[in-house]
Amino acid sequence: MKTIAVTGGKGGTGKSTVSVLLANKLRKEGKKVLIADCDVECPNDYLLLGQKLEKAKGKVFAQFPKLNKKRCTKCGLCVKNCRSNAIFQAPGEYPIFIHELCSGCGLCWHLCPHQAIKIEKKVTGEIFENRVDDNFWLVTGQVVGVVDETGPIVTKVKDYALKLAKKVKADYLLADTSVGMHCGVIRAIIGSDLAYAVTEPTPLGAHDLELILELLKTLKVPAKIVLNQADLGQKRLISKIAQKMGVEIKYKIPYSKRLVQAYSTGELGRINIL
């Protein structure tokens with residue numbers, strides 16, 4: 001089985017679209033494909049494929065601090081050392097933990113000299129599974145509530161996808177990453193045999209393309225470029241980056257009204273243009 005990451009620094013360039021189009025191409029060649037939607041804050045592959053997220057197949061948990069007021073002396077040690085600024089303490093009051101900002105690092109409960117901070121487990125993510133057809137599976141990760149650090153959720157989603165891919169004997173696992181170059185993106189990319197960097201022919205597209213290619217180089221993941229809406233904008237900007245980084249532009253996808261209609265109606269799984 002080969003693992004391919006579909007990524008790109010800038011949002012809106014068409015990473016999810018390319019993931020589905022690539023899956024369509026591989027299925028047409030008779031391959032079994034599984035997409036892992038690792039954009040856990042805004043998963044949309046299931047929408048493009050006309051699927052629904054029903055009962056979660058797995059849950060992701062994280063540890064958060066919980067105060068035991070009977071032990072707390074209001075010393076403020078936890079507040080002073082929290083690097084996420086996730087603990088608020090008014091003068092003379094007990095500290096308040098803001099879970100939306102908390103990374104769950106555990107520093108506060110390890111530092112507390114009075115063992116006044118307990119560990120509380122909370123659900124931070126859910127994992128869904130869809131069988132699109134006989135040779136096509138989709139694994140979707142989604143955060144629950146507001147989460148400061150999505151990296152651990154992405155890791156669980158990819159682990160689940162890998163196990164399922166091996167179980168169904170998939171030929172390809174496609175990891176659709178979120179935007180940017182943060183920990184969640186890196187966790188989705190690590191271990192891939194190849195990465196497609198999806199971009200558009202605009203100054204911002206070129207700028208972020210160079211950044212993501214630098215990241216892939218650092219991670220030692222071979223890269224190729226997918227230029228979306230290739231017949232619009234300034235193609236020379238992307239060609240210049242490709243030449244500079246020594247990376248091939250593998251696919252050039254022109255603007256297509258048919259593609260847009262399929263995208264907006266959840267029928268992208270029927271389009272073959274790669």
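The figures here come from the full heavy-atom set of this structure, side chains too, leaving out hydrogens, waters and symmetry mates.
Under the 4.0 Å criterion applied to side-chain N and carboxylate O atoms, R27 and D133 are assigned as salt-bridge partners. In this structure, E129 does not pair ionically with K57, as no charged nitrogen and carboxylate oxygen lie closer than 4.0 Å. Between E210 and K244 a salt bridge is recorded (basic side-chain N to carboxylate O distance below 4.0 Å). Between K10 and E200 a salt bridge is recorded (basic side-chain N to carboxylate O distance below 4.0 Å).
A distance of 7.5 Å separates CG in L215 from OG1 in T7, rounded to the nearest 0.5 Å. Residue T202 holds its OG1 atom at 14.5 Å from NZ of K235, rounded to the nearest 0.5 Å. Here the CG-CG distance, from L268 to N24, works out to 6.5 Å after rounding to the nearest 0.5 Å. Here L22 contributes atom CG and K15 contributes atom NZ; the two are 15.0 Å apart, rounded to the nearest 0.5 Å. For the atom pair S84 OG and L101 CG, the distance stands at 7.5 Å (nearest 0.5 Å). For the atom pair NZ (K224) and CD1 (I249), the distance works out to 12.5 Å, reported to the nearest 0.5 Å.
No donor-acceptor contact under 3.5 angstrom links the side chains of S103 and D148, judged on distance only.
Side-chain heavy atoms closer than 4.5 Å link hydrophobic residues (I, L, V, M, F, W, Y) into clusters, and following such links, possibly through other members, connects L164 to L162. Y263 and L21 fall within the same hydrophobic cluster, defined by Ile, Leu, Val, Met, Phe, Trp and Tyr side-chain heavy atoms under 4.5 Å apart, directly or through other members. Linking ILVMFWY side-chain heavy atoms closer than 4.5 Å, directly or via other members, places V147 and V40 in a single hydrophobic cluster. A continuous path of ILVMFWY side-chain contacts below 4.5 Å connects Y251 to I271, so both sit in one hydrophobic cluster. Hydrophobic clustering places L209 together with L219 (ILVMFWY residues linked when any side-chain heavy atoms are closer than 4.5 Å, directly or through intermediates).
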Please report the C-alpha distance between L49 and L138 in whole Å, then the side-chain angles of each, then the deciding distance to 0.1 Å, and finally whether the side-chain contact (heavy atoms from CB on, under 4.5 Å) criterion is met.
CA-CA 9 Å; L49 291 165; L138 173 66; 4.2 Å; yes
Test side-chain contact (heavy atoms from CB on, under 4.5 Å) on V139 and I127 and set out the steps.
CA-CA 7 Å; V139 171; I127 302 172; 3.8 Å; yes
Apply side-chain contact (heavy atoms from CB on, under 4.5 Å) to W137 and V33, showing your working.
CA-CA 6 Å; W137 291 261; V33 184; over 6 Å; no
Chi angles and distances behind the side-chain contact (heavy atoms from CB on, under 4.5 Å) call for L34, L174
CA-CA 6 Å; L34 188 151; L174 310 180; over 6 Å; no
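Put simply, the side chain of E214 never gets that close to the backbone of T218: no donor and acceptor are under 3.5 Å apart. Remark: the backbone N or O of G151 is paired with a side-chain donor or acceptor of E149 at under 3.5 angstrom. Remark: the backbone N or O of K31 is not paired with any side-chain donor or acceptor of D171 at under 3.5 angstrom. A distance-only check finds a donor-acceptor pair linking the side chain of R131 to the backbone of D134 [under 3.5 Å]. Between the side chain of K32 and the backbone N or O of A165 there is no donor-acceptor pair closer than 3.5 Å. Formation of a donor-acceptor pair under 3.5 Å by the D37 side chain with backbone atoms of N44 is found in this model.
Annotation for A223 and V247: closest pair O-CG1, 3.3 Å, computed over non-hydrogen atoms. Closest approach of G9 and D208 over heavy atoms only: C-OD2, 3.7 Å. Across all non-hydrogen atoms, the minimal contact from G184 to H182 is N-ND1, 3.1 Å. Among all heavy-atom pairs drawn from V123 and K59, the shortest one is CG2-CD, 4.2 Å. For the pair I241 and A206, the tightest heavy-atom approach, listed with the atom from each and the gap, is CG1-O, 4.0 Å. Annotation for L216 and A195: closest pair CD2-CB, 3.6 Å, computed over non-hydrogen atoms.
Within the 4.5 Å cutoff, the side chain of Y196 has heavy atoms near those of the K250 side chain. Contact check for T150 versus E41: side-chain heavy atoms found under the 4.5 Å cut-off. Looking at heavy atoms from C-beta onward, I190 lies in side-chain contact with I186 at the 4.5 angstrom threshold. Between N228 and T13 there is no side-chain heavy-atom pair separated by less than 4.5 Å. Within the 4.5 Å cutoff, the side chain of T177 has heavy atoms near those of the I189 side chain. Residues L77 and P113 meet the side-chain proximity criterion, which asks for heavy atoms closer than 4.5 Å. Using a 4.5 Å cut-off on side-chain heavy atoms (C-beta onward), C38 and S178 make no contact. Residues K66 and I117 are not in side-chain contact: their nearest non-hydrogen atoms beyond the backbone lie 4.5 Å or more apart.
Every pair passing ring pair (Phe, Tyr, Trp, His ring centres under 6.0 Å) that includes a residue from residues 73-131 is listed here, sequence neighbours excluded: F64-H99.
Taking a 6.0 Å sphere around NE2 of H207, one finds it holds 12 or fewer heavy atoms contributed by other residues, nucleotides or ligands. Dense packing is recorded around NZ of K74, with more than 12 heavy atoms of other residues, nucleotides or ligands lying under 6.0 Å away. Annotation for E100: atom CD counts as buried by contact number, over 12 foreign heavy atoms lying within 6.0 Å.
When D231, L274, L227 are each tested for a side-chain contact (heavy atoms from CB on, under 4.5 Å) with I253, only one passes: L274.
At least one test fails for K2 against the ring of Y172: distance under 6.0 Å to the centre or angle within 45° of the axis.
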